[in-house]
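Just so it is clear, the values below take in all heavy atoms, side chains as well, and ignore hydrogens, waters and symmetry mates. Proteins get letters first, then strands, A, B, ... in listed order; numbering begins at 1 in each.
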Number of protein chains: 2
Amino acid sequence: MAGLDIERLLQRHGVMPTLQRREVAGVLLDKPQHLSAEQIIDCLRLAGSRVSKATVYNTLKIFSDCGLVREVNVDSTRKFYDSTTHAHHHFYNVDTGELNDIPCELVDFLSLPPLPQGTEQESVEVLIRLRSKTD
Amino acid sequence: MAGLDIERLLQRHGVMPTLQRREVAGVLLDKPQHLSAEQIIDCLRLAGSRVSKATVYNTLKIFSDCGLVREVNVDSTRKFYDSTTHAHHHFYNVDTGELNDIPCELVDFLSLPPLPQGTEQESVEVLIRLRSKTD
DNA sequence: ATGCTATTTAGAATTAGTCTATACTCCGCA
DNA sequence: TGCGGAGTATAGACTAATTCTAAATAGCAT
Ligand SMILES: [Mn+2]
Ligand SMILES: [Mn+2]
Ligand SMILES: [Zn+2]
Ligand SMILES: [Zn+2]
């Protein structure tokens, strides 16, 4: 994603496009992917950025609050940040830790349960847990 | 669940039914529920048990390895242990943190994606994220 | 320049969970 | 009746992701 695009994208989401935020967005929003905060920091450092750990975490919080990225909880030891924000589903390989997207059009429901009283639906997410086949 | 039942249940799963394991099982397997390790420790302490934190964590690991309980990752700050081990789904209220079961017969799929090469399916889990309705 | 606000930062603090080294329990056997 | 070993339990040190704090910095308006 080009620099000017990122700047406008942040502005459209009401986020001041500071250098650090553009750098974090540049790494994570580059393509459909799932990265942990540590992975993002490593990428930034490799590219010569001096952004601090605290700023990366602050920035990811701001991004997920405003819908620029999505948090994914599959691994209890850390969060993953998903650059794809529209509704979709995931494969999670428990052997390799790989996390991959399933486009939402590949999953169709014949029935879903009624929602509990006093609640509204925010999302419906399918997680298909995989093992690597050994046979 | 009565004491003798728990003892037999542990034995059937190949787990030596020590006092501490029977106590942890007595709390968690009492009914369908989702408890964190800390919640389980609090319950045990309230009931006068002297079981250590390390033993509770070791025991929960043993229980989930042998299929007596299931780990649920919805909240990135801690694991929940689910006393229901057969396939089912969850409502998660992001406002209250409430986690509730959806029986698997209330969810039917019309289509699911093909599995990636070299993998086999371990589980298919649906998570319906809810907000508390304010209107 | 001066102040004002938002932002960034280093490093301390937090916290769920793991690890380590020691102690206890149980049991078969000398 | 006293070992010895396997399995288990324990306190407390440790780890690592994340959050917090309090001080610096950057931009911008007066
Ligand atoms: Mn779609
Ligand atoms: Mn069923
Ligand atoms: Zn995704
Ligand atoms: Zn459940």
Please give, in whole Å, the distance from [N] [atom2] to [X] [atom1]?
| X | N | atom1 | atom2 | result |
| --- | --- | --- | --- | --- |
| A:D65 | D:dT19 | CG | P | 11 Å |
| B:K61 | C:dT18 | NZ | P | 8 Å |
| A:L60 | D:dT18 | CG | P | 9 Å |
| B:Y81 | C:dA16 | OH | P | 12 Å |
| B:D75 | C:dG17 | CG | C1' | 14 Å |
| B:E71 | C:dG17 | CD | P | 9 Å |
| B:R22 | D:dA9 | CZ | C1' | 14 Å |
| B:I41 | C:dT18 | CD1 | P | 12 Å |

* Would one find a side-chain N or O of A:Y57 under 4.0 angstrom from OP1 or OP2 of D:dT19? -> no

* **Euclidean distance, B:R22 CZ relative to B:S49 OG, rounded to 0.5 Å** => 11.0 Å

* Structure fact -> Rounding to 0.5 Å, atoms CG (B:N58) and CZ (B:F63) come to a distance of 11.5 Å

* Fit a plane to each ring of A:F109 and A:H89, take the angle between them on a 0 to 90° scale, and name the class: parallel (under 30°), tilted (30 to 60°) or perpendicular (over 60°). => perpendicular

* Should the ring pair B:H88 and B:H34 be called parallel, tilted or perpendicular, given that the plane angle runs from 0 to 90° and is split at 30 and 60? -> tilted

* Please determine, by modelled atom types, if B:T55 and B:Q20 share a side-chain donor-acceptor pair under 3.5 angstrom. => no

* Structure fact -> Across all chains, not counting sequence neighbours, the salt bridge (Lys or Arg N to Asp or Glu O under 4.0 Å) partners of B:E7 are none

* Determine, for nucleotides 21-29 of chain C in 5'-to-3' order, which nucleotides have protein heavy atoms under 4.0 Å from the base (write B), from only the sugar-phosphate (write S), or from neither (write -). => ---------

* Asked: Going 5' to 3' along nucleotides 5-15 of chain C, which nucleotides have protein heavy atoms under 4.0 Å from the base (write B), which only from the sugar-phosphate (write S), and which from neither (write -)?
  -> --SSBB-B---

* Residues A:D42 and A:R45 bridged, charged N to O under 4.0 Å -> no

Any N/O pairs under 3.5 Å between the protein and nucleotides 22-28 of chain D? List them or say none.
none

* Which residues pass the side-chain contact (heavy atoms from CB on, under 4.5 Å) test with A:S36, sequence neighbours left out? -> A:E38, A:Q39, A:R78, A:F80

* Which pair of heavy atoms, one from B:S83 and one from B:P32, lies closest together, and at what distance? -> OG-CA, 3.2 Å

* Asked: Between B:L44 and B:V24, what is the shortest heavy-atom contact and its length?
  -> CD1-CG2, 4.0 Å

* Got a sec, which pairs hit side chain to side chain donor-acceptor pair (under 3.5 Å) with one end in residues 121-133 of chain A, sequence neighbours left out? -> A:R70-A:E125, A:N93-A:S132, A:E122-B:R131, A:S123-A:E125, A:E125-B:R129, A:R129-B:E125, A:R131-B:E120, A:R131-B:E122

